[in-house]
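What follows is a single structure, written as structure tokens, with notes after it.
All figures in this text were calculated on a predicted structure; none of them were measured in a lab. Indexing begins at 1, ligand by ligand and atom by atom, following the structure's order.
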Amino acid sequence: MTQQIKSIADYHKAYQDSVTDPESFWAKQAESFTWKQKWDRVLEWNFEEPRVKWFEGGKLNITENCIDRHLADKADQVAILWEPNDPNQPNRSLTYQQLHDEVCKTANALKAHGVEKGDRVCFYMPMVPELAIGVLACARIGAVHSVVFAGFSASALADRIKDAACKMVICSDYNSRGPKFIPVKKVVDDALAMGCDSVETVLVHRNSNEPLDWNPAIDRWWHEEVDHQAAVCPAATMDAEDMLFILYTSGSTGKPKGVVHTCGGYMVFAEYSFRNVFQYETGDIYWCTADIGWITGHSYIVYGPLLAGATTLMFEGVPTYPDASRFWQVCQKHGVAQFYTAPTAIRALMAFGDQFVDSFDLDTLKVIGSVGEPINLEAWNWYNEKVGRKRVPIIDTWWQTETGGMMITPLPGITDTKPTYASYPLPGVQLELVDNEGRVIEGNDVEGLLCITFPWPSMLRTTYGDHERCRQTYFSTFPGKYFTGDGARRDEEGRYRIIGRVDDVINVSGHRMGTAEVENAINQHENVVESAVVGYPHDIKGQGIYAYVITQHPVADQDAFIREIKAVVTQVIGPIAKPDVIQVVSGLPKTRSGKIMRRILRKVASGDSSNLGDTSTLLNPEIVDELLKGAKP
Ligand code: PRX
């Protein structure tokens with residue numbers, strides 16, 4: 001077990017130790033795991049290339065730490081508890097022993113299909129236990145998983161399959177999500193038709209009895225390939241710095257990039273952060289409502305909880321099905337102790353009214369968490385009063401796909417909480433605020449750009465296939481530091497509050513999106529000459545997507561045009577990227593050098609026409625009036 005922080009004195013000491021002697025600090029945490037061979041060196045790093053290696057020379061397999069080492073005393077404890085979309089369907093559960101057996105069988109099936117150490121395997125699956133099993137099966141044999149959120153379109157999926165040259169795709173036939181029935185494999189078929197030549201096998205998990213188009217050359221049923229396999233599979237010996245997974249995420253430029261995480265450091269930090277931030281105790285039922293298609297699901301549905309020997313609840317459905325009490329009904333039914341969700345869900349449920357939460361018994365809750373976007377005061381208060389009943393601490397956890405694990409968060413019952421503040425850095429996390437020129441902002445009660453100045457074990461190592469892009473994106477803005485892309489405030493007592501992205505990334509319902517990506521999609525409509533996308537404040541989603549569009553020909557039917565634009569974006573990226581507002585304009589405000597003045601676009605989109613700043617230097621100042629007149633509420 002890694003160190004347990006139980007008091008504020010423990011926290012201060014751990015933080016201090018992690019800064020004065022990071023190598024000893026993390027070596028001590030790492031010693032509690034099963035290593036096939038101990039590391040030679042705890043840390044080697046520079047942020048110039050960047051080059052970061054934790055526990056180099058160490059050999060391990062993360063699944064031995066997630067599963068095998070718990071078999072001695074937890075073989076019959078539930079590892080994964082599954083709650084289906086339809087509350088009238090039975091739960092499924094897998095004990096640690098059963099999880100072991102299923103992971104081994106699946107790993108053997110992967111091997112039988114030629115998947116080898118280092119090969120990439122893409123997952124496009126709903127939230128069924130087989131997704132977690134499949135991911136662990138990859139890790140068992142040293143294959144690299146790349147999970148793609150099953151709400152992405154065929155074209156977005158194809159981009160990701162091609163970028164990582166995946167050998168296998170694992171999917172479901174269909175998916176029930178809320179009231180919807182979604183043809184999942186059809187999306188994979190469409191993606192493969194876009195030329196994913198590397199794919200040799202599509203392994204299909206049966207989730208329904210509906211008929212399915214079948215390509216006998218590459219399609220294989222999960223149950224036919226997996227069920228007869230042996231329930232024993234030796235765990236591949238991995239170097240600490242071997243790749244564990246790739247997860248695609250959006251940035252301000254270009255296509256989504258594949259963030260690469262490696263085995264050793266990720267393992268240590270996922271367990272350490274899970275155990276301390278949730279204050280998990282044996283027997284607790286822990287529930288994170290995220291999807292495994294995002295980093296939160298990787299670190300805090302699968303790896304963190306299983307490494308800690310916890311019972312992790314996995315939910316197939318949505319918060320509003322069959323009605324807006326579903327979360328609380330599930331908490332009551334299973335006696336959930338730690339509950340972790342996103343502000344967008346809190347805001348949506350808040351809007352349905354208190355009657356959906358008030359009647360439920362939530363006495364088992366010990367910790368309630370928030371992640372993915374800034375939580376506004378109203379949502380924080382509602383969460384605190386209605387869900388936490390003013391008794392349960394809220395942990396507002398700030399982190400990113402790139403950080404692999406939580407970076408800034410209160411420790412429940414140990415550090416204080418302050419509404420809308422993610423509060424204090426975890427041990428090992430060294431933060432700095434800088435101004436636009438990179439000058440360090442010292443002291444408290446200040447605001448600046450959030451940087452991390454020292455490596456932490458679960459940080460990204462590269463962006464798949466393009467190390468220079470990793471350097472450029474994260475390490476070049478402020479040389480010698482990792483730049484998060486977020487702005488933050490540090491209060492009088494040193495707590496951090498995340499203000500939001502300062503780059504061209506927007507956060508819509510906790511989904512991270514590059515404005516350039518959405519623009520590229522919109523531009524594929526044949527009547528679009530140019531577009532510009534910005535975020536604007538949205539009551540439920542946090543940020544909504546506002547698109548300004550210049551057309552080649554006048555638009556006769558506005559409603560039809562808007563529908564078409566939404567359809568194009570849905571096709572290119574997925575429904576999560578559909579603009580909320582589309583304004584047809586004759587031009588965009590540009591500087592003399594041709595750069596779009598996004599500041600003005602953001603102001604107009606947020607309905608704020610004050611302080612537009614100096615517009616006289618624009619190439620086309622007259623356009624501002626047109627934008628304001630046509631602005632949509
Ligand atoms: O802007 C921050 C916001 O989400 C971004 C990271 O998104 P992603 O890589 O998709 O990971 C989300 C889940 C870890 C950050 O740059 N963000 C995340 N958590 C918070 C947050 N903003 C404010 N408060 C948070 N607790």
Side-chain angles (χ1 to χ4, degrees), residues 147-149 151-152 245-252 256-261 266 269-270 273-274 277 288-301 303-304 340-347 368-377 379-380 383 394-410 417-426 429 431 449-452 456 458-460 463 473-474 477 482-489 495-515 517 535 537 541-543 576-577:
V147 183
V148 176
F149 174 62
F152 280 115
F245 66 85
I246 304 171
L247 189 55
Y248 286 85
T249 192
S250 297
S252 34
K257 48 191 170 289
V259 168
V260 170
H261 285 289
Y266 177 83
F269 196 81
S273 54
F274 172 81
V277 176
C288 166
T289 70
D291 192 290
I292 294 177
W294 311 114
I295 189 69
T296 308
H298 282 61
S299 301
Y300 300 113
I301 295 177
Y303 287 113
Y340 193 30
T341 196
T344 189
I346 298 168
R347 288 190 297 264
I368 53 178
S370 168
V371 59
E373 42 174 330
I375 179 165
N376 50 311
L377 185 59
W380 197 98
Y383 201 28
I394 295 180
I395 50 161
D396 174 4
T397 63
W398 174 85
W399 56 295
Q400 308 178 300
T401 305
E402 295 85 345
T403 68
M406 299 182 276
M407 297 280 103
I408 310 181
T409 171
T417 60
K418 177 173 172 181
T420 76
Y421 276 74
S423 296
Y424 305 102
L426 281 182
V429 178
L431 304 173
L449 305 171
L450 183 65
C451 295
I452 309 181
W456 62 101
S458 63
M459 69 185 292
L460 87 162
T463 44
T473 310
Y474 307 104
T477 317
Y482 167 86
F483 176 44
T484 63
D486 281 311
R489 187 184 142 62
R495 295 182 201 87
Y496 287 85
R497 171 180 193 204
I498 308 303
I499 298 166
R501 302 288 304 198
V502 295
D503 51 9
D504 289 323
V505 170
I506 50 180
N507 195 323
V508 182
S509 300
H511 299 151
R512 179 169 156 181
M513 236 165 289
T515 50
E517 228 180 308
K541 299 177 173 185
Q543 280 189 300
I576 53 175

Open item on the list: Considering non-hydrogen atoms of the protein only, which is the closest contact for atom 24 (N) of ligand 1, and what is the distance?
Closed with: Glu373 O, 3.3 Å
TODO: Select one of side chain, backbone, both or neither to describe which atoms of Arg512 lie under 4.0 Å from any atom of ligand 1, heavy atoms only.
DONE: side chain
TODO: Output the distance between atom OH (Tyr383) and atom CD1 (Ile346), rounded to the nearest 0.5 Å.
DONE: 4.5 Å
Task: Sub-4.0 Å heavy-atom approach of Gly372 to ligand 1 - done: yes
TODO: Before signing off on this row, confirm whether Thr484 and ligand 1 have an N or O atom pair separated by under 3.5 Å.
DONE: no
TODO: May I ask you to decide if Arg497's main-chain N or O and Arg489's side chain share a donor-acceptor pair within less than 3.5 Å?
DONE: no
Task: Numbered atoms of ligand 1 (with element) below 4.0 Å of Asp396, judged on heavy atoms - done: 24 (N), 25 (C), 26 (N)
TODO: Looking only at protein heavy atoms, identify the closest one to atom 6 (C) of ligand 1 and say how far it is in Å.
DONE: Trp399 O, 3.7 Å
Open item on the list: Show the atoms of ligand 1 that are less than 4.0 angstrom away from any heavy atom in Val371.
Closed with: 13 (C), 14 (C)
TODO: Using distance alone, decide if ligand 1 has a nitrogen or oxygen within less than 3.5 Å of any nitrogen or oxygen in Thr249.
DONE: no
Open item on the list: Can you report which non-hydrogen protein atom sits closest to atom 1 (O) of ligand 1, along with the distance?
Closed with: Asp486 OD1, 2.7 Å
- [ ] Measure the acute angle between the ring planes of Phe149 and His511, then classify it against the limits of 30° and 60° as parallel, tilted or perpendicular.
- [x] tilted
Open item on the list: With heavy-atom distances below 4.5 Å as the criterion, would you say the side chains of Ile295 and Phe245 are in contact?
Closed with: yes
Open item on the list: Please check whether Thr401 reaches ligand 1 - meaning an N/O of the residue sits under 3.5 Å from an N/O of the ligand, judged on distance alone.
Closed with: yes
Task: Euclidean distance, His261 NE2 relative to Ser458 OG, rounded to 0.5 Å - done: 7.0 Å
Open item on the list: Taking 4.0 angstrom as the limit and counting only heavy atoms of Asn507, give me the atoms of ligand 1 inside it, by number and element.
Closed with: 3 (C), 4 (O)
- [ ] With rounding to the nearest 0.5 Å, note down the distance linking OH in Tyr300 to OG1 in Thr397.
- [x] 8.0 Å
TODO: Could you tell me whether some N/O pair between Thr296 and ligand 1 is separated by less than 3.5 angstrom?
DONE: no
Open item on the list: Tell me whether Thr515 contacts the main-chain N or O of Asp504 through its side chain, where contact means a donor paired with an acceptor under 3.5 Å.
Closed with: yes
TODO: Report the part of Pro374 (side chain from C-beta onward, or backbone N, CA, C, O) that has a heavy atom under 4.0 Å from ligand 1; answer both or neither where that applies.
DONE: both
Task: Pairwise distance CD1(Ile246) to OH(Tyr248) - rounded to 0.5 angstrom - done: 5.0 Å
Open item on the list: Under a 3.5 Å distance rule, please check whether Gln543 uses its side chain to pair with a backbone N or O of Asn507 as donor and acceptor.
Closed with: yes
